[in-house]
Amino acid sequence: MLRTTLLLALVACGGGSSDPTPSPDGPAPDVGEAAPVTVYVVRHAETGSTATDPPLDTIGQARAQALATLLADDHIGLVVASQFMRTQLTGEPTAAAAGISVTVHDVGNSALTYGEEVEAMVRAAGVGSALIVGHSNTVPQTVKAFTGTDVDPIAETEFDKLFTITVRGDSASVVESTY
C-alpha cells in the first residue's frame, strides 16, 4: 500500500516516467525564451538596365538562384520584396524553394521608413528565417531597423552584399558578407 501511494505521488508530481531514456531532441526550451530569428537582407540582383522597373539580366538571374541555393537549408518562412520586379525576381527562387510566395511590400513615399515596416512584418510573422530583398537605399535602413547599427551605403554597382541578422528577443546582431 505504501509503495502504491509513493508511486502515485511520484507520477502526480511528474517524476513517474517509466522511460529513463532522455529525449533525442534534448531538453525543452524555456517557455519564456523565444527562439532566435535569422533575417537575410540583400539588394536586388543585377538588371543591366537603368529603366524604372527592369527584370533581372542573365547575371542577376544566376545570382538570384545562387542566393536560393545558399539559403536552401535555412527554412525560410517569409520572403519580402518591394513592388519592383527586380526585387521580386531576386527573391522568387528562394521563395519557390521554400514553397512560399514572395510578399510584396510597397516602398511608398519614403525609403527611410521601409526598414522599420519590414522589421515589423518579420516580427509579426513569427518565422524562424526570413529574406528581405531591397534596394541600395533601403537595405542600410532595414539593417539599422533590426540592429540599430549603421552600415556603409551600397554603391549602385554592388549586388553581392549579404547581411545576416540574428534577432534574439529585443537584441540583434549583424554579419556582413558577400554571396
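A quick note: this is a predicted structure, and the numbers were derived from the prediction, not measured.
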Should Ile100 and Leu70 be counted in the same cluster of Ile, Leu, Val, Met, Phe, Trp and Tyr side chains packed under 4.5 Å apart?
-> yes
With Arg63 as the cation and Tyr179 as the aromatic partner, state whether NZ or CZ is under 6.0 Å from the six-membered ring centre and within 45° of the axis.
-> yes
Donor-acceptor contact below 3.5 Å, side chain Asp53 vs main chain Met85 = yes
Counting only heavy atoms not in Ile59, do more than 12 sit closer than 6.0 Å to its CD1 atom?
-> no
Minimal non-hydrogen separation, Ala51 against Pro54, with atom names | O-CD, 3.2 Å
To the nearest 0.5 Å, what is the distance between OG1 (Thr90) and CD (Glu92)?
-> 10.5 Å
Could you check Thr87 against Ser82 for side chain to side chain donor-acceptor pair (under 3.5 Å), going step by step and ending with a plain yes or no?
-> CA-CA 6 Å; Thr87 60; Ser82 75; 3.0 Å; yes
Rounded distance [0.5 Å steps], CD in Glu156 versus CG in Asn137 = 8.0 Å
In this structure, OG1 of Thr138 is separated from CD of Glu117 (nearest 0.5 Å) by 11.0 Å
What about Val79 and Val39, same hydrophobic cluster or not, with Ile/Leu/Val/Met/Phe/Trp/Tyr joined at side-chain heavy-atom distances under 4.5 Å?
-> no
State which residue, out of Val102, Leu67, Thr69, fulfils the side-chain contact (heavy atoms from CB on, under 4.5 Å) condition with Thr94.
-> Leu67
Say whether, by atom type as modelled, one donor and one acceptor occur between the side chain of Gln88 and the main chain of Val104 under 3.5 angstrom.
-> no
Inter-residue atom distance Ile165.CD1 - Tyr40.OH, 0.5 Å rounding = 11.0 Å
Candidate pair Thr103 and Leu78, rule side-chain contact (heavy atoms from CB on, under 4.5 Å), full reasoning = CA-CA 7 Å; Thr103 299; Leu78 177 68; 3.6 Å; yes
Looking only at atom types and distance, does a side-chain atom of Glu158 sit under 3.5 Å from a main-chain N or O of Ala155, one as donor and one as acceptor?
-> yes
Do you know the tightest heavy-atom contact between Arg43 and Phe159?
-> NH1-CE2, 3.4 Å
Phe84 vs Val133 side-chain heavy atoms within contact, under 4.5 Å | no
Counting N and O atoms only, with roles assigned by atom type, does the side chain of Arg168 sit under 3.5 Å from a partner on the main chain of Val37, one being a donor and the other an acceptor?
-> no
Would you please test Val80 and Leu131 for side-chain contact (heavy atoms from CB on, under 4.5 Å) and show each step?
-> CA-CA 6 Å; Val80 180; Leu131 169 64; over 6 Å; no
Between CD1 on residue Ile76 and CG on residue Leu71, distance to nearest 0.5 Å = 5.0 Å
Could you go through the side-chain contact (heavy atoms from CB on, under 4.5 Å) check for Val139 and His135 one step at a time?
-> CA-CA 6 Å; Val139 168; His135 302 272; 6.0 Å; no
Does the distance from a Lys or Arg side-chain N to an Asp or Glu carboxylate O, for Lys144 and Glu119, drop under 4.0 Å?
-> no
With a 4.5 Å limit on heavy-atom distance, are the side chains of Thr178 and Leu162 in contact?
-> no
Between Thr47 (side chain) and Leu56 (backbone), is there a donor-acceptor pair under 3.5 Å?
-> no
Validation row: Thr164, Thr38 side chains within 4.5 angstrom (heavy atoms) = yes
So do the side chains of Val42 and Phe163 get within less than 4.5 Å of each other, counting heavy atoms only?
-> no
Pairwise distance CZ(Arg86) to OG1(Thr52) - rounded to 0.5 angstrom | 8.0 Å
Could you walk me through whether Ile154 and Lys161 pass the side-chain contact (heavy atoms from CB on, under 4.5 Å) test, one step at a time?
-> CA-CA 8 Å; Ile154 298 174; Lys161 284 191 176 183; 4.2 Å; yes
Counting N and O atoms only, with roles assigned by atom type, does the side chain of Ser129 sit under 3.5 Å from a partner on the main chain of Asp74, one being a donor and the other an acceptor?
-> yes
Minimum heavy-atom distance between Pro153 and Pro140, given as atom pair plus value | CA-CG, 4.4 Å
Beyond-backbone contact of Val167 with Phe146, side-chain heavy atoms, under 4.5 angstrom | yes
Shortest non-hydrogen contact from Ala64 to Leu89?
-> CB-O, 3.8 Å
Parallel, tilted or perpendicular, as decided by the 30° and 60° cut-offs, for the rings of Tyr114 and His105 | tilted
